[in-house]
Amino acid sequence: VRPDSLPASDVQGILDHERQYAMLIGHVAGEPVKNRCVNTGRADFEWTENLPEGAWSFLACTWNGTQLCAYRWTSAASHERYCHATTASATGANGLAIGHLSMNGNPHSRFNGGLDSVQIYSRGLTEDQLCALVGAGPGCML
C-alpha cells in the first residue's frame, strides 16, 4: 500500500470481508495511525503503527487458527510485527471489498492511496514466506 494521506481520525479500508476479516488504517485521537488486521468483525484485532504517508509498505495479516498477526514492512530498517493468540472465527457475508470497507454490501471509508497487489490465501503464511514476498531473507520480520 501507499497511503496518499493518513486519516486524521476515523478509518480507511484496504480490504473487507464483512464479519469475517478486514485490513484497515485507523486513527484514534491521541494515538498513532495504525494498520489494523481485524478478525470476526472488530471483535478481535492486531495492529502495527508508524505507517508512513507517501511511501510504499508491505502489509500482511495472518491467522493460523491460533495466532492473529499484523505485519508492516517499509524497509529493512522500518518494519513491525505484532501477534496474539485467538481462537475466534466467523463466517463472512456480502463478498470481498478491496479499497474500502463495506457495511451490508455498501462501500464506505475508502482508502486514499495506491494498492499494488492484493493476495489472499486460504492458510496463514509463515514469516519466512512473508520475507520472500518482500524480497528479503528469512527472519526479516523479526
Discussion item. I want to check something: taking the side chain as every heavy atom from C-beta on, are Leu96 and Asp16 in contact at a cut-off of under 4.5 Å?
Written reply: no

Discussion item. Tell me the closest heavy-atom pair linking Leu101 and Leu15, and the distance in Å.
Written reply: CD2-O, 4.3 Å

Can you give me every donor-acceptor pair (side chain of residues 64-72, partner residue at least two apart or in another chain, under 3.5 Å) with its distance?
from, atom 1, to, atom 2, distance (Å)
Asn64, OD1, Thr66, N, 2.9
Asn64, OD1, Gln67, N, 2.8
Tyr71, OH, Glu127, OE2, 3.3
Arg72, NE, Glu49, O, 3.2
Arg72, NE, Glu80, OE1, 2.9
Arg72, NH1, Thr74, OG1, 2.7
Arg72, NH1, Ser78, O, 3.2
Arg72, NH1, Ser78, OG, 3.0
Arg72, NH2, Ser78, OG, 3.4
Arg72, NH2, Glu80, OE1, 3.2

Discussion item. Count I, L, V, M, F, W, Y as connected when their side-chain heavy atoms are under 4.5 Å apart, and connections chain through other members. Are Leu130 and Val1 then in the same cluster?
Written reply: no

Item to complete: Evaluate the side-chain proximity of Leu59 to Leu51: yes if any heavy-atom separation is below 4.5 Å, no if none is.
Response: yes

Response to the item:
Members sharing Tyr82's hydrophobic cluster, built from side-chain contacts under 4.5 Å between Ile, Leu, Val, Met, Phe, Trp and Tyr, are none

Item to complete: Using the test side-chain contact (heavy atoms from CB on, under 4.5 Å), find all partners of Cys131 that sit at least two apart in sequence or belong to another chain.
Response: Cys140, Met141

Item to complete: Starting at CZ of Phe58, measure out to CG of Leu133 and round the result to the nearest 0.5 Å.
Response: 5.0 Å

Discussion item. Check the orientation of Phe45 and Trp47. Use parallel for under 30°, tilted for 30 to 60°, and perpendicular for over 60°.
Written reply: tilted

Practice prompt. With sequence neighbours excluded, tell me which residues meet ring pair (Phe, Tyr, Trp, His ring centres under 6.0 Å) with His79.
Written response: Trp73

Worksheet entry | Qualifying residues under side chain to side chain donor-acceptor pair (under 3.5 Å), relative to Gln12, sequence neighbours excluded | none

Worksheet item: Can you name the side chain to side chain donor-acceptor pair (under 3.5 Å) partners of His108, sequence neighbours left out?
Response: none

Practice prompt. Answer yes or no: is there a side-chain heavy-atom contact under 4.5 Å between Ile25 and Pro3?
Written response: yes

Worksheet item: What residues, two or more places apart in sequence or in another chain, satisfy side chain to side chain donor-acceptor pair (under 3.5 Å) together with Arg2?
Response: Asp4

Worksheet item: Of all residues at least two apart in sequence or in a different chain, which pass the side chain to side chain donor-acceptor pair (under 3.5 Å) check with Ser102?
Response: Glu18

Worksheet item: Got Leu24 and Val11 here, is their nearest side-chain heavy-atom distance under 4.5 Å?
Response: yes

Worksheet, complete the sentence: Note: Gly95 and His17 closest approach over all heavy atoms is O-CD2, 3.2 Å

Distance-only criterion, 3.5 Å: show the donor-acceptor pairs between side-chain atoms of residues 110-125 and protein atoms not counting sequence neighbours.
from, atom 1, to, atom 2, distance (Å)
Asn112, ND2, Ser5, OG, 2.5
Gln119, OE1, Tyr121, OH, 2.5

Worksheet item: Checking Gln129 side chain against Thr126 main chain: does a donor-acceptor pair fall under 3.5 Å?
Response: yes

Worksheet entry | Heavy-atom pair with the smallest gap, counting every atom of His27 and Glu31 | NE2-O, 2.9 Å

